[in-house]
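Just so you know, these numbers use all the heavy atoms, side chains as well, and skip hydrogens, waters and symmetry mates. None of these values were measured; they are calculated from a predicted model. Convention: sequence-line order gives letters A, B, ...; per-chain numbering from 1.
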Protein chains: 2
Amino acid sequence: MQSDLVIRALAALAQVHRLAAFRLLVQAGPEGMPAGALAQALAVPASSMSFHLAQLANAGLVTQRRHSRSIVYSADYAAMGGLMAYLMENCCGGEACVPAPSCTPQISEAKDVA
Amino acid sequence: MQSDLVIRALAALAQVHRLAAFRLLVQAGPEGMPAGALAQALAVPASSMSFHLAQLANAGLVTQRRHSRSIVYSADYAAMGGLMAYLMENCCGGEACVPAPSCTPQISEAKDVA
DNA sequence: TCCACATTTCTATATTTATAGAAATATGGA
DNA sequence: TCCATATTTCTATAAATATAGAAATGTGGA
């Protein structure tokens, strides 16, 4: 993960609605949630939610796939791990640091994660 | 760590100079670096560097202490850990997740970390 | 084909953030 | 006390971002 992407990822997360949406997706797991459900959960107009989801996607933090009329978003766990790794890099000059974390869920029934 | 602080921390890191400065501080360890050295390392005017450092401090990501004429900044490792923990919270619905990382350096000679 | 639904793209406006020079503040030494 | 250094605060300007209505797009059912 390079600097520019990291900046975009951090900027994407540094906004109330996007942070909330991302966390909902993180907690939802690989199955994800449709845009409308996110908009409703956060009480944000559809067009605004779309704007925010586009930024999360642009930063590589979420993926999207169409499921019938809905567009379902899922958190990209690898991207999240990469972001953390970048922030921790060479922590304390490389001494006594915990290795970068990762969250790799066992894919249960949602194998079609785009 | 609560939502508002997390937003501020993410926003603080989502800027080239601040991300670079923070990473320099992370790598510098508890000893930290004076504002001037950071400004020089990043080729940024002193007033701009000061502006950016103030935001990192406001987000709780760095601490500052005066050392003679210089003001020395250090990364706050606990804050960084807290930020990561927040992002990972309830990852995958709480299943099969790595515990939140932390970087707790063994304080060598810099015991005066404000 | 026509219509309802889910979402996005377009648009304009309001708000926030970055930038860096100049002036102000604090520290230490001559 | 006076001066040089290190940094911050003040200021104005430039640039990026958030907001949400309205219109456009894609999907599926009657």
Side-chain angles (χ1 to χ4, degrees), chain A residues 3-25 28 31-75 112 114, chain B residues 3-22 24-25 28 31-74 112 114:
Chain A
S3 167
D4 177 62
L5 228 201
V6 170
I7 296 279
R8 266 186 292 158
L10 290 166
L13 292 172
Q15 204 281 338
V16 250
H17 298 321
R18 290 197 295 263
L19 182 59
F22 182 72
R23 273 163 52 90
L24 280 180
L25 292 177
E31 271 187 68
M33 288 174 74
L38 288 167
Q40 188 169 15
L42 302 178
V44 162
S47 68
S48 298
M49 191 75 259
S50 180
F51 168 79
H52 291 308
L53 288 172
Q55 305 215 26
L56 286 170
N58 177 257
L61 289 168
V62 303
T63 56
Q64 65 204 120
R65 70 200 133 100
R66 182 176 277 279
H67 181 60
S68 179
R69 269 178 283 198
S70 297
I71 294 188
V72 176
Y73 286 84
S74 319
D112 54 342
Chain B
S3 167
D4 177 63
L5 227 200
V6 170
I7 296 279
R8 265 186 292 158
L10 290 166
L13 292 172
Q15 205 281 339
V16 249
H17 298 321
R18 290 198 294 264
L19 181 59
F22 182 72
L24 281 179
L25 291 177
E31 271 187 66
M33 289 174 73
L38 287 167
Q40 188 168 16
L42 302 179
V44 162
S47 68
S48 297
M49 190 76 259
S50 181
F51 168 79
H52 291 307
L53 287 172
Q55 304 215 27
L56 286 170
N58 177 257
L61 289 168
V62 303
T63 56
Q64 66 204 116
R65 69 203 133 99
R66 183 175 277 280
H67 181 60
S68 179
R69 268 179 285 196
S70 298
I71 294 188
V72 176
Y73 285 84
S74 318
D112 54 344

Please produce a list of atom pairs where a protein N or O lies less than 3.5 Å from an N or O of nucleotides 15-18 of chain D.
from	atom 1	to	atom 2	distance (Å)
D:dA18	OP1	A:R18	NH1	3.3
D:dA18	OP1	A:R18	NH2	2.7
D:dA18	OP2	A:R18	NH1	3.2
D:dA18	OP2	A:Q55	NE2	3.0

Student check: side-chain heavy atoms of B:L13 and B:L56 closer than 4.5 Å =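 Contact flag for B:L13/B:L56 side chains = yes.
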Look at the side-chain N and O atoms of [X] and state whether any lies under 4.0 Å from the OP1 or OP2 oxygen of [N].
{"X": "B:S48", "N": "C:dA20", "result": "yes"}
{"X": "B:R69", "N": "C:dA26", "result": "no"}
{"X": "A:R66", "N": "D:dG26", "result": "no"}
{"X": "A:Y73", "N": "C:dT8", "result": "yes"}

Within this structure, what is the [atom1]-to-[atom2] distance between [X] and [N], rounded to whole angstrom?
{"X": "A:M33", "N": "C:dT7", "atom1": "CE", "atom2": "P", "value": "11 Å"}
{"X": "A:R65", "N": "D:dT27", "atom1": "CZ", "atom2": "C1'", "value": "17 Å"}
{"X": "A:L42", "N": "D:dA20", "atom1": "CG", "atom2": "P", "value": "12 Å"}
{"X": "B:I71", "N": "C:dG28", "atom1": "CD1", "atom2": "P", "value": "12 Å"}
{"X": "B:M49", "N": "D:dT9", "atom1": "CE", "atom2": "P", "value": "14 Å"}
{"X": "A:I7", "N": "C:dT17", "atom1": "CD1", "atom2": "C1'", "value": "14 Å"}
{"X": "B:Q64", "N": "C:dA26", "atom1": "CD", "atom2": "P", "value": "14 Å"}
{"X": "A:H67", "N": "C:dA6", "atom1": "NE2", "atom2": "C1'", "value": "13 Å"}

Side chain A:S68 and base D:dG28 donor-acceptor under 3.5 Å |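 In this structure, the two groups form no donor-acceptor pair.
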Minimum-distance nucleotide (side-chain atoms of B:P45 versus C:dA20, D:dT8, C:dA6) |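 Out of C:dA20, D:dT8, C:dA6, the nucleotide with an atom closest to B:P45's side chain is C:dA20.
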From D:dG28, D:dT9, C:dT19, pick the nucleotide closest to the side chain of B:S50?
->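 For B:S50, the side-chain atoms sit closest to D:dT9.
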For residues [X] and [Y], report the shortest heavy-atom separation together with the two atoms involved.
{"X": "A:Y73", "Y": "A:L25", "answer": "O-CD2, 3.2 Å"}
{"X": "B:V72", "Y": "B:E31", "answer": "CG1-O, 3.5 Å"}
{"X": "B:L61", "Y": "B:A12", "answer": "CD1-CB, 4.1 Å"}
{"X": "A:V6", "Y": "B:L19", "answer": "CG1-CD2, 3.8 Å"}
{"X": "B:H17", "Y": "B:Q15", "answer": "N-OE1, 2.8 Å"}

Would you mind classifying the nucleic acid contact of A:S47 as base, sugar-phosphate or nothing, using non-hydrogen atoms under 4.0 angstrom?
->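 Base contact - A:S47 has a heavy atom under 4.0 Å of at least one base atom.
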May I ask you to say what B:A35 touches in the nucleic acid, namely base, sugar-phosphate or nothing, with a heavy-atom cut-off under 4.0 Å?
->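 Sugar-phosphate: the residue B:A35, judged by heavy atoms under 4.0 Å, touches backbone atoms but no base.
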Solution key, residues 32-54 of chain B side-chain donor-acceptor pairs under 3.5 Å, sequence neighbours excluded:
from	atom 1	to	atom 2	distance (Å)
B:H52	ND1	B:R18	NH1	3.0

